Amino acid sequence: MSQTAAGRPVRIDLRSDTVTRPTEAMREAMARAPVGDDVYGDDPSVRALEERTAAVLGKEAAVYTPSGTMSNQIAIRCQTEPGDLVLAEQRAHAYLVESGGPAALSGATVVGLPGRRGVFTGEQVRASVHEPHFMVPGVCGPPARLVAVENTHNGAGGAVWPLTAIRDTAGTARELGLGTHLDGARLWHAAAATGIPERDYAAPFDTVSVCFSKALGAPMGSCLAGSAPMIARARRFRQLFGGGFRQAGIVAAGALHALNRHRARLVEDHRRARRLAEGLAELPGLELDPDDVETNIVRFRTPGVNAFRLAEDLLDQGVAVLPASRGAMRVIPHLWITDDDIEEAIAAFARARKHVIPA
Ligand SMILES: *Cc1c(COP(=O)(O)O)cnc(C)c1O
């Protein structure tokens, strides 16, 4: 057993879709990849990935970055000045799960809007922007500059933004003269679940970030896509943030392989997530509605069961999960998880629950 979680051997790793290792075919593509110094613009494999990603997203250009976090933070830096106001959903990854990036790297003020399953409306955006009036000094509030949307929404359990909601929120932002960013780390899942192409979701946004290391199973990296001038600016901030990464074609080739080969199979992850949710919903002490599982993320509360203790017992059984807090947990099927793994995991949960709360 070569896989480990928290330093312990595991058979079934459901903590995240980032734990996937490259497939043999992906490793071959990486081994063969032509490379060059990407800071000089000389890496053909990076260029191929950037061009293909821009085409899939219907944008003029894209830049490859080491992580989705960097890609989001470059987008915020590109579209704001220090002090500017960014509007995001209150649990947005770019706001709350990126180590304080907007404040530290862009000097941005972020306001988190309460969403319904991660979705907020154009009306909420409008209400957050000061209406100008000659009796009110216009210089006191931080100038609203950017609206950031996350699709699928990680914190809301992989929820998909309806296209109409995207158009309403991004359209209102545009009317108000604000920039727009889409954190599409898992945009592939929205497209797989609905059949709506990624480019349609991406269309209303000035910048779009997508991840190759989640979902698609590549070792690392993200792309930020947008207009050619925007991405030229993004290249400057990628360098400033330390993301100019030389012969990155080695990993970009894995990402390109994943982009071309692994999107169609995402519906399998959705089916397995759904089955896992159905199995878990039957266990007393776990609170979830399988109908809420739209893509690959299964989030649930554990009222009456300590989620940390549950996770420790599962780890003893060789099953790794992510306790989000004492009372909440997340599990994610991915490229390396089979139907049998799902059934085994459900059985392990049933045992763990009994161990943690003996009948
Ligand atoms: C994981 C994630 C990111 C960050 O990606 P990393 O490559 O892990 O830095 C950004 N946004 C969302 C919605 C994510 O789920």
Side-chain angles (χ1 to χ4, degrees), residues 13-22 49 53 57 62-77 86 88-102 104-106 110 112 115 117-120 146-161 166 180-193 198 201-202 205 207-225 234 237-238 241-243 245 248 251-252 254-255 258-259 266 269 273 294-299 322 324 330-335:
D13 193 345
L14 295 168
R15 287 173 300 168
S16 174
D17 46 355
T18 54
V19 303
T20 53
R21 289 144 295 123
L49 173 67
T53 304
L57 296 176
V63 58
Y64 187 42
T65 65
S67 71
T69 296
M70 188 183 288
S71 181
N72 276 336
Q73 297 308 323
I74 289 172
I76 293 171
R77 184 64 188 81
V86 177
E89 206 272 338
Q90 63 185 0
R91 287 161 301 174
H93 199 284
Y95 169 34
L96 282 185
V97 199
E98 300 190 357
S99 260
L105 301 172
S106 297
V110 184
R117 292 182 58 73
V119 175
F120 57 92
L146 178 66
V147 172
V149 161
E150 185 175 317
N151 186 24
T152 66
H153 197 291
N154 183 343
V160 179
W161 272 67
I166 293 234
T180 51
H181 172 63
L182 173 62
D183 178 358
R186 293 194 178 80
L187 188 61
W188 321 118
H189 283 285
E198 289 89 349
Y201 285 117
F205 295 96
T207 50
V208 180
S209 173
V210 288
C211 275
F212 306 109
S213 55
K214 307 254 166 95
L216 302 181
M220 60 182 282
S222 282
C223 265
L224 184 69
F237 290 118
R238 181 184 69 164
F241 293 172
F245 57 159
V251 274
L259 180 62
L266 292 177
D269 295 342
E294 294 178 63
T295 56
N296 65 327
I297 300 180
V298 184
R299 284 189 186 273
L322 190 73
R330 186 188 82 175
V331 285
I332 301 191
H334 50 72
L335 186 59

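Whatever order the structure lists ligands and atoms in, that order sets their numbers, starting from 1. Model, not experiment: these values are computed from the prediction. Just so you know, these numbers use all the heavy atoms, side chains as well, and skip hydrogens, waters and symmetry mates. Numbers here are sequence positions counted from 1.
Distance from atom 10 (C) of ligand 1 to its nearest protein heavy atom, with residue and atom name: His93 ND1, 3.3 Å. Looking only at heavy atoms of the protein, atom 11 (N) of ligand 1 is closest to Asp183 OD2, 2.6 Å. Protein heavy atom at the shortest distance from atom 2 (C) of ligand 1 is Lys214 NZ, 2.2 Å.
Note on ring orientation: taking the six-membered ring where Trp is involved, the planes of Trp161 and Phe120 are perpendicular (angle over 60°, cut-offs 30° and 60°).
Taken to the nearest 0.5 Å, the CD1 atom of Ile297 stands 10.5 Å off from the CG atom of Leu322.
Of the heavy atoms in Glu98, only side-chain atoms (C-beta onward) come closer than 4.0 Å to ligand 1. Heavy atoms of Asn72 found under 4.0 angstrom from ligand 1 belong exclusively to the side chain. Only side-chain heavy atoms of Ala185 come within less than 4.0 Å of ligand 1; its backbone N, CA, C and O stay farther off. Looking at Ser209 against ligand 1, nothing comes within 4.0 Å, counting heavy atoms.
Remark: ligand 1 and Arg186 share an N or O pair separated by less than 3.5 Å (distance only, no angle test). The shortest N or O to N or O distance between Gly68 and ligand 1 is under 3.5 Å. Every N/O-N/O distance between Thr152 and ligand 1 stays at or above 3.5 Å. Checked against a 3.5 angstrom limit, the closest N/O atoms of Thr69 and ligand 1 fall inside it.
Considering only residues two or more places apart in sequence or on other chains, Leu105 meets the side-chain contact (heavy atoms from CB on, under 4.5 Å) condition with Gln73, Phe241.
Among residues at least two apart or in separate chains, side chain to side chain donor-acceptor pair (under 3.5 Å) pairs with a member in residues 208-219 are Ser71-Ser209.
Using modelled atom types and a 3.5 Å distance limit, the side chains of Glu89 and His153 yield a donor-acceptor pair.
When each of Leu216, Val19, Leu266, Asn296 is paired with His334, the side-chain contact (heavy atoms from CB on, under 4.5 Å) condition holds for Val19 and for no other.
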TODO: Take Tyr201 and Val160 through the side-chain contact (heavy atoms from CB on, under 4.5 Å) test and state the conclusion after the steps.
DONE: CA-CA 10 Å; Tyr201 285 117; Val160 179; 3.7 Å; yes

